Protein chains: 2
Amino acid sequence: MVRTARFTEDDFIEATMALVAEGGPAAATMQAIARQVGAPTGSIYHRFESRAAVLGAAWNAAYASFVGALAPLLHSGRPREAALAILPWSRENARRARFLLLNEPVTLFEDTPPPAPLRQALERLEDEFDAAFRACVGACGEGDLREEALARAKFLIFDAPIAILRPHLMKGGTLPPFAERMIAELHAGMPLA
Amino acid sequence: MVRTARFTEDDFIEATMALVAEGGPAAATMQAIARQVGAPTGSIYHRFESRAAVLGAAWNAAYASFVGALAPLLHSGRPREAALAILPWSRENARRARFLLLNEPVTLFEDTPPPAPLRQALERLEDEFDAAFRACVGACGEGDLREEALARAKFLIFDAPIAILRPHLMKGGTLPPFAERMIAELHAGMPLA
DNA sequence: GGCCAACTAGACAAAGCATTCTAAAATGCC
DNA sequence: GGCATTTTAGAATGCTTTGTCTAGTTGGCC
């Protein structure tokens with residue numbers, strides 16, 4: 001080792017999340033990221049091979065944090081708790097929540113996909129999340145029936161809570177307490193199986 | 001009148017929807033729209049003053065069609081039917097559904113907002129939709145309680161059904177029959193008030 | 001104390017974009 | 001048939017972006 005780095009990989013990742021959370025994917029230009037960190041654009045390319053790599057790394061970091069919060073609850077068979085866990089996670093990770101939950105990877109990476117290692121890492125995370133859902137659903141049904149049960153679980157635990165949160169994540173204020181109630185009520189009225 | 005137009009306003013609007021539905025907002029460059037229609041780029045500017053105007057016009061058209069399908073049902077006090085109506089509308093308007101339901105206006109217009117007339121037209125549509133929800137919720141509660149009831153209705157009738165549809169709209173295939181069942185069950189288990 | 005790899009620094013080149021501009025073509029009307 | 005005007009047609013312009021390239025700087029180690 002020789003010269004100490006002024007800017008870490010994480011500095012750029014955090015700046016990217018902040019910019020996307022604030023102004024959408026297009027706001028995260030390499031120059032905007034550099035400006036946010038206080039670095040020249042060239043420095044980013046010492047850590048990331050391309051813009052797609054920065055976005056991909058940021059996405060994977062946010063997604064890993066999210067999956068890390070939910071997967072254990074799914075594996076221990078507590079779908080309701082998993083759904084409700086999205087709220088504290090979003091409150092504690094406001095920037096990540098806006099970045100992760102208000103963007104689709106397909107639009108984030110629409111121009112150029114991230115390099116292969118990042119794509120594979122993301123695929124592993126998605127598989128991990130999927131496996132957690134399957135473990136939670138258990139061995140209920142076969143074939144199409146099983147797929148329906150899985151779609152049901154993903155809706156109840158992931159998509160529906162996020163749909164409840166989305167308007168408030170957009171506005172940017174604090175998440176209202178009745179969000180909790182709505183999720184609980186949803187799970188009371190429409191059980192997993 | 002003198003020379004007959006080869007390309008109509010609608011040609012460009014439909015092309016824009018198709019491109020965004022296929023490859024996200026960034027795919028709808030002026031040149032891509034022109035290519036899709038078979039026109040030179042300059043011709044677009046005879047009908048629309050800017051790219052934001054094309055996107056805005058496309059968004060308003062899709063949104064008007066959607067609101068037109070749901071608002072009457074809300075006004076006649078049939079929230080369940082309104083929620084279920086999203087399915088046939090999406091099946092009959094696959095391209096519009098992907099364009100409208102998988103994109104947020106905030107990301108679509110993040111760079112430059114559409115010109116004032118289109119913005120106002122969109123605001124009117126949003127007000128119309130909001131009024132339909134308020135009419136459906138009726139006079140239940142005051143102040144915060146009323147706002148909660150409204151958020152509840154919007155979730156049950158709009159956001160939740162779309163959350164159910166989203167994975168399938170993404171994949172692009174036909175919408176599965178169990179989507180209908182899930183929406184019905186959701187409304188059975190978690191009533192409006 | 002000097003060496004040298006890793007880094008900062010920012011100008012630069014190349015590509016793609018929205019928008020404009022000039023020229024030509026079409027068509028209802030006189 | 002010729003004119004006025006709308007439209008097609010597509011090249012040209014200027015801006016913004018990503019990614020590269022050359023210089024110069026830092027700081028641990030011999």
Side-chain angles (χ1 to χ4, degrees), chain A residues 1-20 22-59 107-118, chain B residues 1-20 22-59 107-116 118-119:
Chain A
M1 294 296 134
V2 276
R3 176 173 180 172
T4 60
R6 275 188 60 196
F7 313 110
T8 69
E9 211 164 292
D10 260 350
D11 289 337
F12 296 115
I13 287 178
E14 286 300 320
T16 302
M17 285 187 196
L19 287 165
V20 175
E22 184 95 6
T29 68
M30 294 302 257
Q31 298 170 40
I33 296 167
R35 197 177 328 122
Q36 178 98 355
V37 171
T41 60
S43 291
I44 306 177
Y45 288 91
H46 272 272
R47 327 231 162 242
F48 300 96
E49 64 180 78
S50 66
R51 178 172 181 271
V54 184
L55 283 172
W59 183 263
T107 66
L108 214 55
F109 307 133
E110 68 197 340
D111 28 0
T112 46
L118 286 172
Chain B
M1 293 302 129
V2 276
R3 177 171 179 174
T4 61
R6 276 186 60 197
F7 313 110
T8 70
E9 211 165 291
D10 260 351
D11 289 339
F12 295 115
I13 287 179
E14 287 299 321
T16 302
M17 286 187 195
L19 286 166
V20 175
E22 183 97 7
T29 67
M30 292 302 257
Q31 298 169 37
I33 296 168
R35 198 178 326 123
Q36 178 97 355
V37 171
T41 60
S43 290
I44 306 177
Y45 287 89
H46 273 269
R47 327 224 163 251
F48 300 96
E49 64 180 77
S50 65
R51 177 172 181 272
V54 184
L55 283 172
W59 183 264
T107 65
L108 214 54
F109 306 134
E110 70 197 338
D111 27 359
T112 47
L118 286 171
R119 275 210 317 276

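Predicted model, so just to flag it, every value in this text is computed and none were measured. Every chain is numbered from 1 and lettered A, B, ... according to where its sequence line falls, protein lines coming before strand lines.
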Return the value, rounded to whole Å, for the distance between atom [atom1] of [X] and atom [atom2] of [N].
X: B:His46; N: C:dA18; atom1: NE2; atom2: C1'; result: 16 Å
X: A:Arg47; N: D:dG19; atom1: CZ; atom2: C1'; result: 17 Å
X: B:Asp111; N: D:dT16; atom1: CG; atom2: C1'; result: 12 Å
X: B:Leu55; N: C:dT19; atom1: CG; atom2: P; result: 10 Å
X: A:Tyr45; N: C:dA13; atom1: OH; atom2: C1'; result: 13 Å
X: A:Glu9; N: C:dA6; atom1: CD; atom2: C1'; result: 15 Å
X: A:Phe12; N: D:dT18; atom1: CZ; atom2: C1'; result: 15 Å
X: A:Phe48; N: D:dT18; atom1: CZ; atom2: P; result: 15 Å

task = For B:Arg119, check side-chain contact (heavy atoms from CB on, under 4.5 Å) against everything at least two apart and list the hits.
result = B:Pro113, B:Pro114, B:Ala116
request  = Check side-chain contact (heavy atoms from CB on, under 4.5 Å) between B:Thr29 and all other residues, then give those that pass, not counting sequence neighbours.
outcome  = B:Gln31, B:Ala32
task = Report the residues that fulfil salt bridge (Lys or Arg N to Asp or Glu O under 4.0 Å) with B:Asp111, sequence neighbours left out, ordered by chain and then residue number.
result = B:Arg51
What nucleotide, of [options], holds the atom closest to the side chain of [X]?
X: B:Arg51; options: C:dG28, C:dA18, D:dG19; value: C:dA18
X: A:Phe7; options: C:dT19, C:dA9, D:dT7; value: C:dA9
X: B:Ser43; options: D:dT8, C:dG28, C:dT8; value: D:dT8

Just distance, no hydrogens or angles: give the donor-acceptor pairs under 3.5 Å from side chains in residues 7-15 of chain A, sequence neighbours left out.
residue	atom	partner	partner atom	Å
A:Thr8	OG1	A:Asp10	N	3.3
A:Thr8	OG1	A:Asp11	N	3.1
A:Thr8	OG1	A:Asp11	OD1	3.4
A:Thr8	OG1	A:Asp11	OD2	3.4
A:Asp11	OD2	A:Thr8	N	2.9
A:Glu14	OE1	A:Arg95	NH1	3.2

note = Contacts satisfying salt bridge (charged side-chain N to carboxylate O under 4.0 Å, His left out) that involve residues 32-49 of chain B (not counting sequence neighbours) are none
key: Strand-adjacent residues in residues 29-39 of chain B, judged by heavy atoms under 4.0 Å from DNA chain C   = B:Thr29, B:Met30, B:Gln31
inquiry  = Does B:Thr41 reach a base, just sugar-phosphate, or nothing at all? Heavy atoms under 4.0 Å.
reply    = base
